[in-house]
**Q** 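Could you have a look at this structure, given as structure tokens, before my questions?
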Amino acid sequence: AKEQGTSCYRFFDDEMNRYLSEKMQLENGLRSAIRSGEFKLHYQPKMAIDTGRISGVEALIRWYHPNLGLIPPDRFIPLAETSGMIAEIDAWVIREACRQNRIWTRQGMQPLPVAVNISGRHFEQGELPQLIQSIAAETGMDLRLLTLEITEGIFIRNHDKVVAQLEALRSLGLRVSIDDFGTGYSSLNQLQRLPVDEVKLDRTFMKGIANDPKKSRIVGAIAELLRSLQLHVVVEGIETREDYRYIEKLQCEEAQGYWLSRPLPAEQFISFLQTHAKE
Ligand code: C2E
Ligand code: CA
Ligand code: CA
Ligand code: CA
């Protein structure tokens, strides 16, 4: 087919595009998305419950696809995991979050802890500690300000290898957080043996908590247990003032959710911080 020239290729491409499923369009698009600068990080603040101060920020990836528009991570991260692209994306996210963090510090902001989400697949490859060290060297990031958010699922396969790698990561100074806690496999009993610093209670626990006394007792009990294991507890999915009133009384350190702020582009995040500081 090669000998038939470029016009034939163009025809072929057009036809292809028409018939390609969206999934394939996304999968193909992923390969060039980093190079084309189509990814962006948005930043969602976390608040310390005792002081009301902004205590950190979570970086969440967004993909601005040239034809399909804004694609949320739930639609392309799983695809990136199965198509072998996730390691590259995770690396981009870590680098970008560290780079942005340094910019903020240079602009005179208080050093702000930043959390990034890391796919389980990445842990199986074993190169994360080295990668993060080189990103830190490159960007000047203080790794004590970095938290990696992982989900319980990563411990199912290669448990020992994952634990060893988490230990190596923590020895670099960064923190490890279990995301979406309570939805997956790990029991509280298992948790005490894992090298983690923080647990994020899944937002399904928070849904409707203000109108459900049973639910708030469950969350309270879990939070207390986690605390007794010396784990830092973050509650996510706080959507309303009423939700916040409920969790304020529980033994949790930080809150995150639409009530405080939606994830924001870097520029808007700065304005949010300034406004919040004045309140
Ligand atoms: P997650 O890490 O559990 O992130 C929280 C998700 O809940 C985010 O959705 C956030 O926008 C949303 N959220 C925050 N506050 C509230 C709230 O009060 N109510 C409700 N209903 N939702 C809230 P988002 O950004 O669409 O991310 C979805 C998931 O995609 C994330 O869940 C995470 O698992 C994954 N993800 C996001 N960014 C990255 C990334 O950079 N790398 C990897 N590997 N995964 C990512
Ligand atoms: Ca997360
Ligand atoms: Ca979560
Ligand atoms: Ca999630």
Side-chain angles (χ1 to χ4, degrees), residues 26 30 33-34 38-47 56-64 69-101 113-125 128 131-132 135 146-154 175-184 186 196-210 232-244 246-247 252 254-266 268-269 272:
L26 292 181
L30 273 178
I34 293 184
E38 291 163 15
F39 290 131
K40 227 180 130 99
L41 291 183
H42 283 193
Y43 295 90
Q44 189 179 35
K46 292 187 272 186
M47 192 179 94
V57 60
E58 177 177 2
L60 294 154
I61 196 168
R62 300 290 178 261
W63 182 12
Y64 293 90
L70 176 62
I71 316 219
D74 285 335
R75 271 179 58 210
F76 69 88
I77 292 293
L79 215 56
E81 286 175 342
T82 53
S83 66
M85 291 291 299
I86 193 66
E88 218 181 306
I89 295 177
D90 280 351
W92 180 85
V93 169
I94 299 167
R95 185 173 287 113
E96 179 61 17
C98 291
R99 203 186 56 83
Q100 184 59 254
N101 198 272
V114 61
V116 294
N117 294 282
I118 297 296
S119 161
R121 296 280 169 135
H122 210 150
F123 271 85
E124 290 164 24
Q125 296 169 13
L128 214 44
L131 173 72
I132 290 180
I135 291 175
L146 186 65
T147 297
L148 302 185
E149 294 190 6
I150 56 182
T151 51
E152 307 162 78
I154 72 163
R175 300 170 72 247
V176 174
S177 172
I178 301 280
D179 205 353
D180 304 343
F181 183 77
T183 59
S186 61
V196 301
D197 306 277
E198 174 188 286
V199 167
K200 292 183 88 171
L201 278 184
D202 192 68
R203 67 167 186 264
T204 52
F205 285 110
M206 253 36 75
K207 205 161 173 54
I209 196 169
H232 184 98
V233 182
V234 181
V235 284
E236 54 177 16
I238 303 302
E239 295 188 351
T240 64
R241 188 180 193 84
E242 287 70 50
D243 291 349
Y244 185 69
Y246 267 84
I247 60 103
C252 308
E254 288 177 284
Q256 186 180 9
Y258 293 164
W259 168 71
L260 182 61
S261 168
R262 291 190 173 251
L264 302 168
Q268 283 176 42
F269 180 70
F272 167 84

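The first residue of the sequence shown is numbered 1, and numbering continues consecutively from there. Remember, it's 1-based here, ligands and their atoms both numbered in the order they're listed.
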**Q** When you measure from the heavy atoms of R62 to every atom of ligand 1, does any distance fall below 4.0 Å?
**A** yes

**Q** Measuring from atom CG of L30 to atom CG of L26, what distance do you get when rounded to the nearest 0.5 angstrom?
**A** 7.0 Å

**Q** Examine the proximity of ligand 1 to Q256 and report which part, side chain or backbone, both or neither, has a heavy atom under 4.0 Å away.
**A** neither

**Q** Please confirm if an N, O or S atom belonging to D179, backbone or side chain, lies less than 3.0 Å from the Ca ion (ligand 3).
**A** yes

**Q** Would you kindly specify which portion of I77 sits under 4.0 Å from ligand 1, judged on non-hydrogen atoms: side chain, backbone, both or neither?
**A** side chain

**Q** Begin with the C-alpha distance, continue with both residues' side-chain angles, and end with the deciding distance and a verdict on salt bridge (charged side-chain N to carboxylate O under 4.0 Å, His left out) for K200 and E149.
**A** CA-CA 9 Å; K200 292 183 88 171; E149 294 190 6; 2.8 Å; yes

**Q** Taking distance alone, with no angle check, do I118 and ligand 1 share an N/O pair under 3.5 Å?
**A** no

**Q** My understanding is that we take every heavy atom of each candidate and find the minimum distance to atom 27 (O) of ligand 1. Doing that for A97, P73, A80, which one comes out nearest?
**A** P73

**Q** Any idea which atoms of ligand 1 are less than 4.0 Å away from a heavy-atom of Q44?
**A** 14 (C), 15 (N)

**Q** Under a 3.5 Å threshold, yes or no: a donor from one side chain and an acceptor from the other, between H42 and Q268?
**A** no

**Q** Determine whether the side chains of T183 and D180 contain a donor N or O and an acceptor N or O closer than 3.5 Å.
**A** no

**Q** Specify which N/O/S atom of E58 comes nearest to the Ca ion (ligand 2), by atom name.
**A** OE2

**Q** Checking only N/O/S atoms, does D180 have one that is under 3.0 Å from the Ca ion (ligand 3)?
**A** yes

**Q** Name of the E236 N, O or S atom nearest the Ca ion (ligand 3)?
**A** OE2

**Q** Where's the contact between P263 and ligand 1, heavy-atom distance under 4.0 Å: side chain, backbone, both or neither?
**A** side chain

**Q** CG/D202 to CG/D179 distance, rounded to the nearest 0.5 angstrom?
**A** 7.5 Å

**Q** Give the minimum heavy-atom separation between L260 and F272, together with the two atoms involved.
**A** O-CE1, 3.5 Å

**Q** For the Ca ion (ligand 2), decide whether N117 has an N, O or S atom at a distance under 3.0 Å.
**A** yes

**Q** Identify all side-chain donor-acceptor contacts of residues 78-89 below 3.5 Å with residues at least two apart in sequence or on another chain.
**A**
| residue | atom | partner | partner atom | Å |
| --- | --- | --- | --- | --- |
| E81 | OE2 | S119 | OG | 2.7 |
| T82 | OG1 | P78 | O | 3.4 |
| T82 | OG1 | L79 | O | 3.2 |
| S83 | OG | L79 | O | 2.8 |

**Q** Which single N/O/S atom of E149 lies at minimum distance from the Ca ion (ligand 2)?
**A** OE1

**Q** Just by distance, with hydrogens left out, do E239 and W259 show a side-chain donor and acceptor under 3.5 Å apart?
**A** no

**Q** Of all residues at least two apart in sequence or in a different chain, which pass the side-chain hydrogen bond (donor to acceptor under 3.5 Å, both in side chains) check with R99?
**A** E96

**Q** Between E239, E58, R262, which one has a non-hydrogen atom sitting closest to atom 20 (C) of ligand 1?
**A** E239

**Q** Check ligand 1 against D74 and write out every atom of the ligand that is under 4.0 Å from a heavy-atom position of the residue.
**A** 28 (C), 29 (C), 30 (O)

**Q** Closer than 4.0 Å to some heavy atom of V93 - which atoms of ligand 1 meet that?
**A** 41 (O)

**Q** Within ligand 1, which atoms have a heavy atom of D90 less than 4.0 Å away?
**A** 42 (N), 44 (N)

**Q** Taking the six-membered ring of Y258 (Phe, Tyr or Trp), confirm whether the NZ or CZ of R262 is under 6.0 Å from its centre and within 45° of its axis.
**A** yes

**Q** Compute the shortest N/O to N/O distance between E149 and ligand 1 and return yes if it is under 3.5 Å, no if not.
**A** no

**Q** Could you pull out the closest heavy-atom pair between I150 and I154, with the gap in Å?
**A** CD1-CD1, 3.4 Å

**Q** For the residue pair F39 and F76, categorise the inter-ring angle as parallel (less than 30°), tilted (30 to 60°) or perpendicular (more than 60°).
**A** parallel

**Q** Give the single entry among I238, D179, D202 that approaches atom 2 (O) of ligand 1 most closely by any heavy atom.
**A** D179

